[in-house]
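Single-structure report; data block below.
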Protein chains: 2
Amino acid sequence: MTTFRGVNSLAEENYLKALFNLAGESGVVNVNELSRHLNIKMPTVTSMMKKLSAKNLVHYESYKPLKLTEEGEKRAAAIIRKHRLTEMFLVEKMGFGWEQVHDIAEQIEHIQSPLFFEKMDALLGYPKFDPHGSPIPDKDGKMKWKEFHKLSDCLPGEEVILGAVINNSSEFLQFLNSRDLRLGLSISILSVESFDKTMVVHYENHPAETLSHTVCERLLVDKQ
Amino acid sequence: MTTFRGVNSLAEENYLKALFNLAGESGVVNVNELSRHLNIKMPTVTSMMKKLSAKNLVHYESYKPLKLTEEGEKRAAAIIRKHRLTEMFLVEKMGFGWEQVHDIAEQIEHIQSPLFFEKMDALLGYPKFDPHGSPIPDKDGKMKWKEFHKLSDCLPGEEVILGAVINNSSEFLQFLNSRDLRLGLSISILSVESFDKTMVVHYENHPAETLSHTVCERLLVDKQ
DNA sequence: TTATAAAGTTAGACATATCTAACAAATATT
DNA sequence: AATATTTGTTAGATATGTCTAACTTTATAA
């Protein structure tokens, strides 16, 4: 039947999104990184990059790192926007926990219906951040992370606000749930173990909770 | 990436759904019908029927009409259930008009997440019918149409309740909107033109509205 | 009842998206 | 600098789902 998919196929959308998410400051991504992230072998990635390059969505030259074109970035941001709006909708309007929404949003982000996402946006009151604290790109693909610090970079004595988490896996989020850790929480750093960087923190009804460096690296806080 | 699609591919789901929707009393469907309905050429349909037959979802024998197996019917009903729950959700919880929801539901019906549809179902209060009056199959695939009559089979003097519409095209539903025709409305039949079966009816603030036979055939009513 | 039309099948081509095996280039290591 | 490792590409195979052209079977009509 060839269900209508708009301009890009499902597969193409997944590559664009991955390129967007993996791009750091420089905006470039290696074939190998992309391959590992998508769980798709490198030759397949190479051939898709040629295809997206032909469509002017990716800058591709043999053996050089990949970069989205302006148009590619716009398309990618539109998908991320749909993903994050959906996560917000699932949590705010349908009663899901923040640890349950990733896989569903991963599917709904491919729905072709501008109106559907505009309705979501309006019902949510035009949110700027998703349930994990990630910014929701606006319709022009613009978005800005707040000026967060990793909790792991903070020092004993500091009092910070949990603003975002960088790892939306169900397991990690369930761990946070089990410790009553959620966005907006005010956290005081009591001490840092020097040899393994483990932190002991205090918040709400938790007088002394121990958090591994691995966890602290994934918690973004506002120093305020 | 091979996005997880559960047991059946998107294409397979569309064939199952079409077989379910086209099956009349007898439950059988011709290759040709299916081909026209899906807008897919007959040879393609034949080959897919062999595939679904190998999976025990369709009874297929050369040159014989097609029929879903019990398992095929179960799978199809599950998709229709998702479609109709989604339509209801879009109308009741997101403020869409009944003429806007078909295409979106056509995409969301393929989402793989039992929890997502259970949440919808619960938020809607376990509805039995979709916004067009079609029954929503339960989790076992069971559903039953109310005992409706076509408006076109009714006689002058009768007073009936509009219970369902059979044609969910945006155009038809917009026509009904333009005449303030909606489910639940009480309609009195004033007269029937004998040569073209046109009906003149009365309801609400419409003292005398003329409806073509084509329209009346698509309106299902409860004789009370 | 034979001819014609409609419905259905077979065979083979094509696009998309994936893979493995083998080779080439760039990077890192000694 | 020479070698080894990692990264990336090329070539060719495979699965899915679609198509057209040609043929067969079933149904319809003369």
Side-chain angles (χ1 to χ4, degrees), chain A residues 1-19 22-24 26 28-55 57-68 72 75 79 106-107 110 112, chain B residues 1-19 22-24 26 28-55 57-68 72 75 79 106-107 110 112:
Chain A
M1 193 168 77
T2 313
T3 300
F4 180 67
R5 291 235 79 309
V7 200
N8 297 110
S9 71
L10 235 160
E12 285 171 353
E13 290 200 351
N14 286 328
Y15 283 93
L16 291 174
K17 198 182 115 183
L19 283 165
L22 292 175
S26 61
V28 304
V29 181
N30 298 321
V31 172
N32 190 255
E33 268 180 274
L34 192 50
S35 164
R36 272 183 286 112
H37 182 83
L38 289 172
N39 219 339
I40 288 176
K41 296 292 178 290
M42 285 205 293
T44 309
V45 172
T46 296
S47 78
M48 184 57 97
M49 289 309 102
K50 287 177 175 174
K51 186 177 169 190
L52 292 179
S53 171
K55 290 189 176 188
L57 299 173
V58 169
H59 292 296
Y60 172 77
E61 285 178 275
S62 282
Y63 300 105
K64 297 256 178 76
L66 308 163
K67 192 165 197 243
L68 286 170
R75 302 267 177 99
I79 300 162
E106 200 91 302
Q107 298 179 68
H110 300 292
Q112 301 294 321
Chain B
M1 195 166 75
T2 316
T3 300
F4 180 67
R5 289 235 78 317
V7 201
N8 297 109
S9 71
L10 235 160
E12 285 172 353
E13 289 199 352
N14 286 328
Y15 283 93
L16 291 173
K17 198 183 113 181
L19 283 164
L22 291 175
S26 59
V28 304
V29 181
N30 298 321
V31 172
N32 190 253
E33 267 181 276
L34 192 51
S35 164
R36 271 184 288 111
H37 182 83
L38 289 172
N39 219 337
I40 287 176
K41 297 290 177 291
M42 286 205 293
T44 309
V45 172
T46 297
S47 77
M48 183 57 98
M49 290 307 104
K50 287 178 175 172
K51 185 177 171 190
L52 292 178
S53 172
K55 290 190 176 187
L57 299 174
V58 169
H59 293 296
Y60 172 77
E61 284 178 275
S62 283
Y63 300 105
K64 299 254 179 75
L66 308 162
K67 192 168 197 239
L68 286 169
R75 303 266 178 100
I79 300 162
E106 200 92 303
Q107 298 179 66
H110 300 293
Q112 302 293 322

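In what follows, chains are A, B, ... by sequence order, proteins preceding strands, each numbered from 1.
Computed from coordinates, the A:Asn39 CG to C:dC19 C1' distance equals 13 Å when rounded to whole Å. Residue A:Met49 contributes atom CE, which lies 10 Å from atom P of D:dT9 at whole-angstrom precision. Atom pair A:Leu10:CG and C:dT18:C1' shows a separation of 14 Å (rounding to whole Å applied). Atom NZ in A:Lys41 sits roughly 18 Å away from atom P in D:dT14 (whole-Å rounding). D:dT18 atom C1' lies 8 Å from atom CD1 of B:Ile40, rounded to whole Å.
Residues passing the salt bridge (charged side-chain N to carboxylate O under 4.0 Å, His left out) test with B:Glu12 are B:Lys51, B:Lys55, sequence neighbours excluded. Qualifying side-chain contact (heavy atoms from CB on, under 4.5 Å) partners for A:Lys50, counting only residues two or more places apart in sequence or in other chains: A:Thr46, A:Tyr60. Remark: A:Lys17 pairs with A:Glu106, A:Glu109 by the salt bridge (charged side-chain N to carboxylate O under 4.0 Å, His left out) rule, at least two apart or across chains. Applying the salt bridge (charged side-chain N to carboxylate O under 4.0 Å, His left out) criterion to A:Lys41, with sequence neighbours excluded, gives no partner residue.
Residues A:Val28 and A:Pro65 come closest through the heavy atom pair CB-CB, 3.9 Å.
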(request) Might you work through the side-chain contact (heavy atoms from CB on, under 4.5 Å) test for A:Val29 and A:Lys67, ending with a clear yes or no? (result) CA-CA 6 Å; A:Val29 181; A:Lys67 192 165 197 243; over 6 Å; no

Produce the list of close N/O pairs, under 3.5 Å, pairing protein atoms with atoms of nucleotides 13-16 of chain C; give distances to one decimal.
none

(message) One character per nucleotide, please: for nucleotides 4-10 of chain C, 5' to 3', B when the base has a protein heavy atom closer than 4.0 Å, S when only the sugar-phosphate does, - otherwise.
(response) ---SBBB

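In terms of modelled atom types and a separation under 3.5 Å, the side chain of B:Ser35 and the main chain of B:Ile40 share a donor-acceptor contact. Formation of a donor-acceptor pair under 3.5 Å by the B:Gln107 side chain with backbone atoms of A:Gln112 is found in this model.
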